[in-house]
Chemist: 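Okay, here's the structure, questions in a sec.
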Amino acid sequence: MSITAIITAFLSLFAGIGIFLIACQMMSTNLESASSNKLKSLFSKASGSKLLGVGIGAIGTAAIQSSGATTVMTIGFVNAGIISLTQAATIIYGANIGTTITAQIVAMGMFGGDSISTSVIFSAFVGLGAFIALFANKDFWKKIGGIFSGFGMLFVGLCLMSSSMTDFAAMESVKTFLASISDPLLLVLVGALLTAIIQSSSVMTSIALAMVVAGLVNIDQGIFLTMGSNIGSCIVAIIAGVTSGRNAKRTALIHLFFNVSGVVIFLLLEGILWLITAGHFSYGVLFNQWFPGVPQVQLAMFHTIFNVLTVIIMLPLTSLLVGTVCKIIPDDSCPVDPDAPHCYFIDDHLLSTPPVALQQTKMEIMNMASLAKENFDRSLHIICSMDFSEESNFKKQEIELNFLNQAIIDFVVKLSEKIQLSQRDRQYISTTYRTVRDLERVGDYAENIVEYADSLRANNQHFSQNAVEEIQQLRALINALYEQIMLAYKNEDFDALDKAYLLEDQIDDLSKAMEDNHILRLTEGICTPTVGAQYLSLATNAERIADHFINVGKTIRSYAEQE
């Protein structure tokens, strides 16, 4: 074969890999966006049983066509303290099962013979998707067009890779060289290294499928390359874990141990059976008997069965695996201060799956609202009872609110740059800047109330019993308003928002009544002008706190009714 043909074959392979990678990314991006609400619901349940964790990992990975994205997102959940290491392990198990669907799709595209190749038929989805995306008016259908185009591009890339493999198969030197690589450990290592380089086990498995179909390697060699790709796929988790907290590193190590364990178990099992049968057994022989004449199906089915059986074997050993990685990466002798300001639900690793990151952003904002309301209650307790024992906790929580204000905004800015989000999600993101600022202002007004209490303490003064009772009435109304606002914000509940508006009217009426009652107490000499000034300022601040909570609820009108 001429040098031109060799260069052409290499370029075709390189182009096929590139198109395949872009197709995977395109499908992942549009699938995430089109199914964002279902993804949010799915991963919000990531705290159940082990089997539920496996199911979530498998379904989530099959949905977004990226085990790497699922793994990195899981590391983000662990790093943020949302799920435990055990839950993270089971989700990673499931991700390994979910990723096998790509090999099944690719194998399906390799049928043809004398009829039209299924790969060519599926490649036509590129054109179908392009037309849908071009002429669709709604964002949802544009995403569907993107999914179809990505699906079709998988097979365009596959055609190029298969074509290059056919060219390589015509080179005796290449066939002789590949045939000489028969050592299972060496083949596993080659598969692991190539997967680590391209950072996609799906691509490596697809290359192995193309090589088997072209006759460049036999089914046994393809099996060992595929097993190696499972180990190489851990590089994504390792990179994500190295730059994260202790539990994130442990999660990456769990992923590596799990995948390596599966490969070791299957290599040992084949070795034992090979000895028992005097060299007549191999996985290639077994799968050739089960699926005769279709090497692509043989390899794809091995990939699926290999991952499913590994999960079945390792699932009962999860606690032991978690305990092992905890010993390898122990807790620090000087642990991080648990009271230091931190995020509770968001982590940068969640950005790899924007729909889930969006849901976690909402939970973080609701958590911030809860902290702001707690500090408001704390401030009223201080000024009504003149008990300052909670002042240090108040100040600590105010620091936390200021931290969350900036941390959430920084996270949302990064999230807004992701293209996987739907128009509705983007509209929600646009509201978060104002929402976070409103909640931060609630904390500031509560801080003002504590300062009024300090002023009263300095002058050895306090509110009258009547004033305290009115403040408690105001507090009860604002707490009721807060509950309705959070219900509206969480569930996009317009009925709850309407109830909050009614409560706001009652708060306004009570604030006005408090002013009138204050003037009456002044004329009766029950309270002094200095105390009265602090009382009126408190009423004004409390009313503004109610307004800021109302602003949080109002935001749902800008996105909740969108399709």
Side-chain angles (χ1 to χ4, degrees), residues 16-17 19-21 23-28 30-31 35 54-55 57-70 93-113 117-126 147-148 150-159 161-162 165 191 195 198 200-214 217 219-220 222-230 232-233 259 262 266 283-284 286-312:
I17 292 173
I19 293 173
F20 199 96
L21 283 170
C24 288
Q25 184 181 35
M26 191 178 218
M27 284 187 67
S28 176
N30 288 286
L31 279 164
S35 61
V54 172
I59 295 171
T61 302
I64 62 178
Q65 284 291 289
S66 176
S67 61
T70 301
Y93 297 170
N96 273 31
I97 295 175
T99 196
T100 62
I101 193 171
T102 304
Q104 295 289 351
I105 292 172
V106 169
M108 185 171 55
M110 288 183 167
F111 288 97
S117 168
T118 52
S119 191
V120 173
I121 294 173
F122 291 139
S123 295
F125 275 72
V126 177
I147 293 169
F148 281 167
F151 180 77
M153 285 175 65
L154 283 176
F155 295 96
V156 173
L158 178 63
C159 285
M161 288 191 287
S162 297
M165 293 305 166
T195 304
I198 59 180
S200 174
S201 61
S202 295
V203 172
M204 185 60 228
T205 303
S206 299
I207 292 174
L209 281 164
M211 292 174 74
V212 168
V213 171
V217 297
I219 185 64
D220 280 306
I223 283 173
F224 295 131
L225 287 171
T226 301
M227 291 166 70
S229 73
N230 263 38
S233 66
N259 283 14
F266 271 74
Y283 291 128
L286 181 63
F287 278 82
N288 187 46
Q289 292 174 352
W290 288 352
F291 308 98
V294 280
Q296 66 270 37
V297 175
Q298 295 168 18
L299 186 53
M301 290 306 298
F302 171 82
H303 188 224
T304 299
I305 293 172
F306 165 71
N307 281 286
V308 170
L309 288 180
T310 300
V311 170
I312 292 173

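Index from 1, following the sequence.
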Chemist: Has Thr61 got a side-chain atom pairing as donor or acceptor with Gly57's backbone, closer than 3.5 angstrom?
Modeler: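 Flag set: sc Thr61 to bb Gly57 pair under 3.5 Å.
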Chemist: Hey, could you give me the CD1/CG distance between Ile219 and Asn288, rounded to the nearest 0.5 Å?
Modeler: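 Going from the CD1 atom of Ile219 to the CG atom of Asn288 covers 8.0 Å.
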Chemist: Can you name the side chain to side chain contact (heavy atoms under 4.5 Å, CB included) partners of Thr304, sequence neighbours left out?
Modeler: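 Thr304 satisfies side chain to side chain contact (heavy atoms under 4.5 Å, CB included) with Thr100, Gln104, Val308 once adjacent residues are dropped.
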Chemist: For the atom pair CD1 (Ile97) and OG1 (Thr99), what is the distance rounded to the nearest 0.5 Å?
Modeler: 11.0 Å
Chemist: For the pair Tyr283 and Phe302, name the ring-plane relationship: parallel under 30°, tilted 30 to 60°, perpendicular over 60°.
Modeler: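 Tilted.
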Chemist: Which heavy atom of Val212 sits nearest to which heavy atom of Pro295, and what is that distance?
Modeler: CG1-CB, 3.4 Å
Chemist: Kindly give the heavy-atom pair with the smallest separation between Ser233 and Thr195, and that separation in Å.
Modeler: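 What the structure gives for the nearest pair is N-CG2, 3.6 Å.
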Chemist: Please round to the nearest 0.5 Å and tell me the distance separating atom CD of Gln289 and atom CD of Gln298.
Modeler: 10.0 Å
Chemist: Sub-3.5 Å donor-acceptor pair from the side chain of Gln296 to the main-chain atoms of Leu209, do we have one?
Modeler: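 Here the side-chain-to-backbone pair does not exist.
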Chemist: For Phe266 and Leu309, run side-chain contact (heavy atoms from CB on, under 4.5 Å): C-alpha distance rounded to whole Å, both residues' side-chain angles, the deciding distance at 0.1 Å, then the answer.
Modeler: CA-CA 10 Å; Phe266 271 74; Leu309 288 180; 3.9 Å; yes
Chemist: So how far is it from Trp290 CH2 to Leu286 CG, rounded to the nearest 0.5 Å?
Modeler: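 One gets 4.0 Å once the value is rounded to the nearest 0.5 Å.
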Chemist: Just verifying a value: how many Å separate Met211 CE and Ser206 OG, rounded to the nearest 0.5 Å?
Modeler: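 These two atoms lie 13.0 Å from each other.
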Chemist: Can I get a per-line list of side-chain donor-acceptor pairs under 3.5 Å for residues 223-230, giving both atom names and the distance, sequence neighbours left out?
Modeler:
unit_1, atom_1, unit_2, atom_2, d
Thr226, OG1, Gly222, O, 2.8
Ser229, OG, Thr226, O, 2.5
Asn230, ND2, Asn307, OD1, 2.9

Chemist: When you compare the side chain of Phe148 with that of Val126, does any pair of heavy atoms fall below 4.5 Å?
Modeler: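 The answer is no; the side chains never approach within 4.5 Å.
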Chemist: For the atom pair CZ (Phe306) and CG (Asn96), what is the distance rounded to the nearest 0.5 Å?
Modeler: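 Phe306 CZ to Asn96 CG: 8.0 Å, rounded to 0.5 Å.
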Chemist: If we only count heavy atoms from C-beta on, is the Tyr93 to Thr310 side-chain gap below 4.5 Å?
Modeler: no
